[in-house]
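Not measured: the values here are computed from a predicted model.
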Amino acid sequence: MANDEIFLIDLDKIIKDKAKDKAKYVPGFLISLLKRIIHQDEVNEFLTQTKGKVGVPFLDECVEYLDMTLKIDGLENLPKDGRLCTFVSNHPLGGADGVALGKILGHEYDGKIKYLVNDLLMNLHGLAPLCIPINKTGAQSKQFPLMVEAGFSSENHILMFPAGLCSRKIDGEIKDIEWKKTFISKSVETHRDVVPIHFSGRNSNFFYNLANICKKLGIKFNIAMLFLVDEMYKNRHKTFHVTIGKPIPWETFDKSKTPAQWAQYVQGIVYQL
């Protein structure tokens, strides 16, 4: 893709590229339904209007477009002494929360932040400069450790959602699945303090029910992910509370617990904020 081009969603092309000769058998009504679910026209209009915005200014445009009101507690806990940190948060929304936190931290640290995100988001022209792509399941899976290494060895703060997926409804409670340990091991290795963040918010009951049904049926494809854009639109014009906790020194994560146990320890702190 040329630098002056922007990525626009083209579901017809995606289906043709993926399904090849079988694409003609995909019912037109199904394609139309999918276009509505992913808000193809609306998203493309926004991407076109924000063509010249990249990095934190793009995140500003996203927050304004979604009409998000952010009430922030704990800004005084953000380190100001130049040390690099790993910021970890719960992931209730699956998109808008990442945008909002990127905006907050981006302004606090002059844009010196990087997301560890699914490589699909690298297609977004405005977001790409802030991303280190991760694709554990595709062709890049072997490069996953190298991408993580590149992020943590850079001169940027790291923003992560250690659950990997957005929150689910588990035993009647909306919460993250178990956090992965990567942020612990890499923060210790690179001497980064960990800053816990809690983001309020939730998706619709439809989303949680769909995710749980797919899990019970053993469907491995993350069908619920297709509805994340629709959930983002449902969450427009809302107020969200962001609580930033005190930095946890990297030396805290000693041998008294395994990295996985320390990850659950930090997850517990986040939900106490």
Could you measure the distance from the CZ atom of F87 to the CD1 atom of I158? Nearest 0.5 Å is fine. 10.5 Å

Option among Y109, F152, Y115 that satisfies the ring pair (Phe, Tyr, Trp, His ring centres under 6.0 Å) test with H157: Y109

So do V63 and V99 actually touch side chain to side chain, heavy atoms under 4.5 Å? yes

Short side-chain to backbone donor-acceptor contact, K246 and P196, under 3.5 Å: no

Treating D254 as the side-chain partner and S256 as the backbone partner, does any N or O pair qualify as donor plus acceptor under 3.5 Å? yes

Could you go through the side-chain contact (heavy atoms from CB on, under 4.5 Å) check for I248 and D193 one step at a time? CA-CA 6 Å; I248 306 170; D193 291 351; over 6 Å; no

With sequence neighbours excluded, what pairs up with E108 under the salt bridge (Lys or Arg N to Asp or Glu O under 4.0 Å) test? K80

Can you give me the closest heavy-atom contact between K257 and Q261, atom names plus distance? CA-OE1, 3.4 Å

Would you confirm whether E231, through its side chain, and S204, through its main-chain N or O, come within 3.5 Å as a donor-acceptor pair? yes

Under 4.5 Å between side-chain heavy atoms, counting indirect links through other Ile/Leu/Val/Met/Phe/Trp/Tyr residues: same cluster for I174 and L273 or not? no

Using side-chain heavy atoms (C-beta onward) and a distance below 4.5 Å, is V194 in contact with C85? no

Same cluster or not: L30 versus V229, using hydrophobic residues (I, L, V, M, F, W, Y) connected whenever any side-chain heavy atoms lie under 4.5 Å apart? yes

Minimal non-hydrogen separation, F199 against A100, with atom names: CE1-CB, 3.7 Å

How far apart are the C-alpha atoms of L47 and F58, what are their side-chain angles, what is the distance that settles it, and do they pass the side-chain contact (heavy atoms from CB on, under 4.5 Å) test? CA-CA 10 Å; L47 293 175; F58 176 74; 4.3 Å; yes

Is a donor on one side and an acceptor on the other found under 3.5 Å between the side chain of D97 and the backbone of G95? yes

Is it true that, when you exclude K234 itself, more than 12 heavy atoms of the residues, nucleotides or ligands shown sit nearer than 6.0 Å to its NZ? yes

Count I, L, V, M, F, W, Y as connected when their side-chain heavy atoms are under 4.5 Å apart, and connections chain through other members. Are I72 and L59 then in the same cluster? yes

In terms of hydrophobic clusters joined by side-chain contacts under 4.5 Å, are V43 and V54 together? no

Using 0.5 Å steps for rounding, measure from the CD1 atom of I170 to the NZ atom of K215. 6.5 Å

Q267 side chain to I177 backbone, donor-acceptor under 3.5 Å: yes

Distance-minimising heavy-atom pair for L75 and I244: CD2-CD1, 4.0 Å

Is the shortest heavy-atom distance from the side chain of L70 to the side chain of M68 under 4.5 Å? yes

Side-chain heavy-atom pair Y271, E173 within 4.5 angstrom cut-off: no

Between W262 and T252, which heavy-atom pair has the shortest distance, and what is it? CZ2-O, 3.2 Å

Drop me the distance from K114's NZ to L130's CG, to the nearest 0.5 angstrom. 6.5 Å

Strictly distance-based, threshold 3.5 Å: is any side-chain N or O of K180 a donor or acceptor partner for the main-chain N or O of A163? yes

Nearest heavy-atom contact between T86 and S187 is OG1-OG, 2.8 Å

Any H198 side-chain heavy atom under 4.5 Å of H241 side chain: no

Report the distance from atom CG of L159 to atom CD1 of I197, rounding to the nearest 0.5 Å. 6.5 Å

Hydrophobic cluster membership, with links at side-chain heavy-atom distances under 4.5 Å among I/L/V/M/F/W/Y: are L127 and Y65 in one? yes

Step through the shown structure and confirm whether more than 12 heavy atoms of other residues, nucleotides or ligands are within 6.0 Å of CD on E64. no

Looking only at heavy atoms, which two atoms of P92 and G201 are closest? And how far apart? CB-O, 3.3 Å

dist T243:OG1 -> N90:CG (nearest 0.5 Å) comes out at 9.5 Å

Look at atom NZ of K181 and say whether more than 12 heavy atoms of other residues, nucleotides or ligands are closer to it than 6.0 Å. no

Side-chain (T69) to main-chain (T239) donor-acceptor, under 3.5 angstrom: no

With the side chain counted from C-beta on, respond yes when E155 and L84 share a heavy-atom pair under 4.5 Å apart, and no when they do not. yes

Say whether, by atom type as modelled, one donor and one acceptor occur between the side chain of Y208 and the main chain of N203 under 3.5 angstrom. yes

Flag yes if more than 12 heavy atoms outside K35 fall under 6.0 Å of its NZ atom; otherwise flag no. yes

Heavy-atom count check: over 12 atoms from other residues, nucleotides or ligands less than 6.0 Å from Y265 OH? no

Should S32 and F29 count as side-chain neighbours, where that means a heavy-atom distance under 4.5 Å? no

Geometric class of the H191/W250 ring pair [parallel <30°, tilted 30-60°, perpendicular >60°]: parallel

Closer than 4.0 angstrom, basic N to acidic O: yes or no for R83 and D81? yes

Aromatic rings H39 and Y233: how do their planes relate, parallel, tilted or perpendicular, breaks at 30° and 60°? parallel

For K169, look at atom NZ and say whether over 12 heavy atoms of other residues, nucleotides or ligands are found less than 6.0 Å away. yes

Aromatic rings F161 and H91: how do their planes relate, parallel, tilted or perpendicular, breaks at 30° and 60°? parallel

What do the steps show when you test F227 against F206 for ring-ring contact (aromatic ring centres under 6.0 Å, His included), and what is the final call? CA-CA 10 Å; F227 289 84; F206 167 81; 5.1 Å; yes

Pair R236 + D67: basic N to acidic O under 4.0 Å: no

Report yes if some heavy atom in the side chain of I184 is under 4.5 Å from a heavy atom in the side chain of W179; otherwise report no. no

Please assess L66 against K238 for the test side-chain contact (heavy atoms from CB on, under 4.5 Å), listing each intermediate value before the final yes or no. CA-CA 8 Å; L66 296 173; K238 292 185 178 180; over 6 Å; no

Applying side-chain contact (heavy atoms from CB on, under 4.5 Å) to V242 and I104, what does each step give before you reach the verdict? CA-CA 10 Å; V242 180; I104 294 168; 4.1 Å; yes

Quick one: pull up CE in M160 and NZ in K186 and give me the separation to the nearest 0.5 Å. 10.5 Å

